[in-house]
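Labels below follow one simple rule: chain letters A, B, ... track the order of the sequence lines, proteins then strands, and each chain is numbered from 1. These values consider heavy atoms only, across backbone and side chains, with no hydrogens, waters or symmetry-generated copies.
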Amino acid sequence: MNRQVDSATLSGGKLMNRQEEMFTPRLKSRQLRNAIFKWIFFGANVVGLLALVLLLGDVVRDSWGWLDWDFITSFPSRFPEKAGIKAALFGTIWLMVITALVAIPVGVATAVFLEEYARKNRFYAAIQTNISNLAGVPSIVYGILGLTIFVRWMMLGRSILAGGLTMALLILPIIIVAAQESLRSIPNSWRHASLALGATRWQTIRYVVLPASLPGILTGVILALSRAIGETAPLIPVGALTFIMTVPKDFMDPFTVLPIQIYNWTSRPQDEFRCIAAAGIIVLLIVLLSMNATAIFLRNKYQKKVVE
Amino acid sequence: MNNIILSIKNLTVKYGTTVALKNISMEIAQNRITALIGPSGCGKSTLLRSLNRMNDLIEGASVSGQVLYRGEDIYAPSVDPVAVRLQIGMVFQKPNPFPKSIFENVAFGPKINGYRGDLGSLVKQSLQGAGLWEEVKDRLHDNAYALSGGQQQRLCIARALALQPEVLLLDEPCSALDPIATLRIEELIQELKEQLTIVIVTHNMQQASRIADYTAFFLSGELVEYGETEKVFTAPVDKRTEDYITGRFG
């Protein structure tokens, strides 16, 4: 019974007699397959990284020498050396503020209703399906919707308010879905604990559920706003201009945004315009990154308080 | 029996079409510990949850019959479930502190219910009541999840005690704890019955026999036997009770 255990069985991949009769482990080929897949996944990462580096390198090279303070503080011009991005930069900032002010409260409130109050019946299922579908509707369709509802019907004209509302509609489904996911990840035991302590549903949401789900909601907001800042298509029907010599001063002013300005410059025949388009891209990236950095900072600040 | 604080009359609870509790009638004595025992799925937790209207939160649950708390039906249309839960507290199976500091956990209930006194001393008193004060007094502002499982469960008890409830419902409060932490909670429960009424669900029969004054045995949604713990464990009237407590099933 007390057979001596052969110490070489582990490193040699050999089996003891009883197991040898039962299994064919083929450890070598299994480990090889493991290694192959690891490299495939690593390769996928390299592809993404390489594309990003090449793209950024190209843009930085093109814009070299064009991106300066004058470029940021000047209005567009027929002459590339005089052209600047001021109108589009301010337009984008205005548009993002309007979009965020409308889309975040409405989106989060919708998610709270669906997850915390609504009964999970057919009505809920219908709304849920529609929201998921809306997230996949091409952005130009939102532009046409914005043109009909905001520009014509609500008579907001080709204003930055109409643009912001259109953009808010576009990102609303993204914010709702992300906020719902985040609310769903809050354990029910916390809700029950709160309700068992004599809290109302609203108090439970306000003091337990929302604080704990805030990091997740903010992540969704980052993603949604990042999408909005790069969109051009929905703003074209709403009437974003390509050549504008003023900065918006109130909600009803005409506007343009960075991606539209950049697109406009890339379609000009002169080479210099391609360089300032690249400079515009850098500005757009800086705005995007600083916006995301703010949101990530906020998220980390709140995440510290929540320990799983 | 002593004074009756809760009186359950013909209570039937359904989840959808599944009947979880069939026509239960029983009375809960004030300042005593009542244990609800029985195998999994026998309805004991359902009964516990229907004593402070936590069943309202389960979609598809429907309740018929009455639960009289000091003579008043907690299911009457005019009764606000929030008011019921304020007076009849609950501690859950798994420790579920909020992701907040120890202090904030205990202060939560009093705060949202408009406590007028000194919050600091109420928190201290509640933590003392749950036998946790000495262990946490120097780190009240640490996150509650830094505590061990047993400490977290006592924190949950402290949190419930802070509202000065009349009745405390405990849903298998020790099932996620090790034996030493379990012992501490059991001792705590014994002390607490001076101040309030305790109803505890447990599937640990030794636990029931150690701490409870009265024991109710449930099987498939029915109340099989209910009486003084000693009688239920030493001289059960029903054969099924005997089979269960001698370990023949369940």
Side-chain angles (χ1 to χ4, degrees), chain A residues 111-128 179-219 298-308, chain B residues 48-49 51-60 80-101 104-115 126 141-147 152 155-156 158-165 168-171 176:
Chain A
V112 166
F113 173 75
L114 287 173
E115 288 308 308
E116 305 294 325
Y117 288 102
R119 295 211 156 242
K120 307 283 179 283
N121 52 19
R122 274 196 196 163
F123 173 68
Y124 172 89
I127 290 189
Q128 193 64 61
Q180 276 187 293
E181 291 292 335
S182 180
L183 292 170
R184 249 178 251 155
S185 72
I186 305 304
N188 257 333
S189 65
W190 291 350
R191 294 185 180 90
H192 289 172
S194 168
L195 293 166
L197 290 166
T200 60
R201 271 193 191 257
W202 166 241
Q203 285 176 315
T204 302
I205 292 165
R206 169 70 185 78
Y207 298 111
V208 177
V209 178
L210 277 183
S213 58
L214 203 60
I217 292 176
L218 278 172
T219 306
L298 285 174
R299 185 181 65 188
N300 292 347
K301 199 178 140 193
Y302 286 104
Q303 218 156 20
K304 259 187 217 151
K305 295 181 183 168
V306 185
V307 185
E308 284 305 315
Chain B
L48 195 76
R49 278 200 304 269
L51 298 183
N52 69 341
R53 295 197 57 174
M54 289 299 282
N55 268 340
D56 292 17
L57 307 173
I58 297 169
E59 256 179 70
D80 182 351
V82 173
V84 174
R85 294 178 199 135
L86 193 54
Q87 294 170 66
I88 305 178
M90 190 167 206
V91 173
F92 298 83
Q93 192 169 350
K94 259 175 67 187
N96 57 354
F98 299 123
K100 301 174 190 285
S101 71
E104 285 301 326
N105 262 280
V106 183
F108 183 85
K111 266 188 186 171
I112 57 170
N113 287 293
Y115 179 62
S126 308
H141 297 286
D142 284 5
N143 194 294
Y145 280 86
L147 299 174
Q152 286 180 25
L155 177 64
C156 292
R159 185 172 67 178
L161 291 179
L163 286 169
Q164 319 293 322
L168 192 58
L169 310 174
L170 303 160
D171 190 358

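- Atom CH2 of A:W190 is separated from atom NZ of B:K100 by 9.5 Å, given to the nearest 0.5 angstrom.
- For the residue pair A:A199 and B:I112, the shortest heavy atom distance occurs at CB-CD1, 3.1 Å.
- What you find for B:N113 and A:G198 is that their closest heavy atoms are OD1-O, 3.4 Å.
- Other residues, nucleotides and ligands contribute only 12 or fewer heavy atoms inside 6.0 Å of the CZ atom of A:F123.
- Only the side chain of A:R201 comes within contact range of chain B, judged by heavy atoms closer than 4.5 Å.
- A distance of 8.0 Å separates CG in A:N121 from CD in B:E59, rounded to the nearest 0.5 Å.
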Could you pull out every donor-acceptor pair under 3.5 Å between side chains of residues 85-98 of chain B and any protein atom, sequence neighbours left out?
residue : atom : partner : partner atom : Å
B:R85   : NE   : B:N52   : O            : 3.3
B:R85   : NH2  : B:R53   : O            : 2.8
B:Q87   : NE2  : B:A83   : O            : 3.4
B:Q93   : NE2  : B:E172  : OE1          : 3.4
B:N96   : OD1  : B:R159  : NH2          : 3.0
B:N96   : ND2  : A:S189  : O            : 2.9

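- Looking only at heavy-atom pairs under 4.5 Å with chain B, the residue among A:L195, A:T200, A:N188 that has the most is A:L195.
- Residues B:M54 and A:H192 approach most closely at CE-O, 3.5 Å, considering heavy atoms.
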